[in-house]
Amino acid sequence: MAQLEAEDITQAVLDRMADCQDPRFKRVMGALVKHAHAFVREVELTEEEWINAIMFLTATGQKCDDKRQEFILLSDTLGISMLVVALNQLKAAKAFEHSGSTGKPTEATVQGPFYWEGAPALPLGADIGENMPGEPAYYHGRVTDTEGKPIANCCMDVWSGDGEGVYDMQMGDDAGMRLRARFHTDAEGRYRFWSIKPSFYPVPDDGPVGQMLTRMGRHPNRPGHIHMKVYAPGHQTVTTHLFVADSPYLDSDAVFGVRNSLIVPFTAHAPGTAPDGRVMDKPYHSATYDFQLVKS
């Protein structure tokens, strides 16, 4: 068997994939091999560093469970999640430009590690922030296609942390689902619900990803935001956030997810009658945002 020298190993690995029957898989894995090998050569990786990297990835997997996804957190904090989102949206935008539509689709951002499928379906106007830490906030707006036609019965899957930045998944095994729900737009594409004004918070930093951020000299904080996954038959799903306009860390989001079009002012109101007729005995906020979905 011929001995492989350092300069031959990369090509040898690529050659071993000659019989791969999946063209896309072959392309992705081939590029991964080439870039990974190039990285090892560029930094002149030591054996000790490579073992440490393997132990780091092992610890990352061990930190995952049914409510915590440390690998998503790793992807997010390295900017990979947002890069994937941005590149795919750029590709979609180019296709959209040739469609003749004049609207502007709502921009996507990272899903994050706290999405929990199967949130309860609640009626429009329901309050998912009741008895939770945080200042009350009323959210309302419309969902349309890019031509302005309302999308009736469009699902808005909503979730956020509480006023202290803590998600239900971090509240213990008995907490259940909190500050999350699915709402469906009315015949005019309108939505409305109550929650809290989101606060900035640190991503979970008690695991290997947190240790990595510390060694990189980075903070772990995200600006205040609420998550929304918006979808309807015949339209492309968008997973996005609404960011609080006066929140800290908009310019240094730990997961690089901020987009200017998603920054929303939260208007402060004194106690009184809210836009939906609810009588508030304490101050509250309101935020409005209109979503535009691309037809599939």
Side-chain angles (χ1 to χ4, degrees), residues 1-66 68-98 107-115 202-222 236-240 252-259:
M1 180 177 178
Q3 176 175 308
L4 293 173
E5 304 300 335
E7 63 270 19
D8 302 321
I9 294 176
T10 303
Q11 190 57 50
V13 176
L14 296 174
D15 290 344
R16 299 285 176 88
M17 293 191 291
D19 295 331
C20 178
Q21 300 301 305
D22 186 330
R24 176 62 182 174
F25 183 73
K26 183 176 182 180
R27 179 185 177 188
V28 170
M29 290 304 299
L32 175 63
V33 168
K34 287 188 283 187
H35 287 285
H37 284 216
F39 162 76
V40 171
R41 291 188 172 92
E42 179 184 341
V43 302
E44 298 181 328
L45 199 69
T46 68
E47 292 177 69
E48 181 182 6
E49 289 169 336
W50 181 231
I51 292 298
N52 287 339
I54 290 173
M55 296 305 295
F56 169 79
L57 293 174
T58 301
T60 299
Q62 291 170 338
K63 198 68 175 178
C64 297
D65 56 35
D66 60 344
R68 176 163 177 170
Q69 234 302 346
E70 193 80 357
F71 270 111
I72 290 180
L73 187 61
L74 176 61
S75 173
D76 288 353
T77 54
L78 290 178
I80 296 173
S81 299
M82 194 59 217
L83 180 59
V84 171
V85 170
L87 289 175
N88 278 273
Q89 187 135 28
L90 181 61
K91 182 167 60 176
K94 290 180 179 177
F96 179 75
E97 288 174 0
H98 294 93
E107 291 190 284
T109 187
V110 296
Q111 177 172 289
F114 295 117
Y115 177 65
V203 298
D205 59 357
D206 59 339
V209 173
Q211 296 171 11
M212 178 194 73
L213 291 175
T214 298
R215 291 196 66 182
M216 293 172 79
R218 291 172 53 188
H219 71 71
N221 296 305
R222 298 214 64 202
Q236 296 178 19
T237 298
V238 62
T239 300
T240 193
S252 58
D253 181 8
V255 308
F256 310 96
V258 175
R259 292 194 163 187

Problem - Gap between atom CD1 of Ile80 and atom CD1 of Ile72 - 0.5 Å precision - result: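 Separation between the atoms: 12.5 Å.
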Handout entry: Point-to-point distance, once rounded to the nearest 0.5 Å, from CD of Glu49 to CD of Glu44
Key =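 Here the rounded value is 10.0 Å.
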Could you list the residues that satisfy side-chain contact (heavy atoms from CB on, under 4.5 Å) with [X], not counting sequence neighbours?
X      : value
Met55  : Ile51
Asp15  : Gln11
Glu107 : Gln89, Arg259, Ser261
Thr214 : none

Nearest heavy atoms of [X] and [Y], plus distance in Å:
X      : Y      : result
Phe71  : Leu57  : CZ-O, 3.6 Å
Asp205 : Pro220 : OD2-CG, 3.9 Å
Phe114 : Pro204 : CZ-CG, 3.8 Å
Tyr115 : Gln111 : CB-NE2, 3.6 Å

Practice task
Write out all pairs satisfying salt bridge (charged side-chain N to carboxylate O under 4.0 Å, His left out) with one or both partners inside residues 81-90, taking only residues at least two apart or from two chains.
Solution key: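 Sorted pair list comes back empty.
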Restricting to side chain to side chain donor-acceptor pair (under 3.5 Å), what partner residues turn up for [X], sequence neighbours left out?
X     : result
Ser81 : Ser75, Asp76
Glu5  : Gln3
Gln62 : none
Asp66 : none

Pairs of donor and acceptor atoms involving the side chains of residues 30-43, under 3.5 Å and at least two apart or interchain, shall be tabulated with distances.
residue, atom, partner, partner atom, Å
His37, ND1, Thr10, OG1, 2.7
Arg41, NH1, Thr10, OG1, 2.9
Arg41, NH2, Ala6, O, 2.6
Arg41, NH2, Thr10, OG1, 3.3

Under 3.5 Å: donor-acceptor pair, side chain of [X], backbone of [Y]:
X      : Y      : result
Glu70  : Gly207 : no
His219 : Ser252 : yes
Asp8   : Leu4   : no

Handout entry: Partner residues of Arg218 under the salt bridge (charged side-chain N to carboxylate O under 4.0 Å, His left out) criterion, sequence neighbours left out
Key =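 For Arg218, no residue satisfies salt bridge (charged side-chain N to carboxylate O under 4.0 Å, His left out) once neighbours in sequence are set aside.
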Handout entry: Lys/Arg-Asp/Glu bridge criterion (N-O < 4.0 Å) met for Arg68, Asp206
Key =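 Salt bridge flag = yes for Asp206 with Arg68.
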Heavy-atom distance under 4.5 Å between the side chains of [X] and [Y], does that happen here?
X      : Y      : value
Val258 : Thr109 : no
Thr77  : Leu213 : yes
Met82  : Asp253 : no
Arg24  : Arg27  : yes

Exercise for the section: With sequence neighbours left out, write down each residue that passes ring pair (Phe, Tyr, Trp, His ring centres under 6.0 Å) with Phe256, or none if nothing qualifies. Expected result: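 With sequence neighbours excluded, Phe256 shows a ring pair (Phe, Tyr, Trp, His ring centres under 6.0 Å) to no residue whatsoever.
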Problem - CD/Glu48: more than 12 non-hydrogen atoms of other groups inside 6.0 Å - result: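 For Glu48, atom CD is not crowded (no more than 12 foreign heavy atoms under 6.0 Å).
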Handout entry: Atom CZ of Phe56 with >12 non-hydrogen neighbours under 6.0 angstrom
Key =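 It does: Phe56 CZ has more than 12 such atoms within range.
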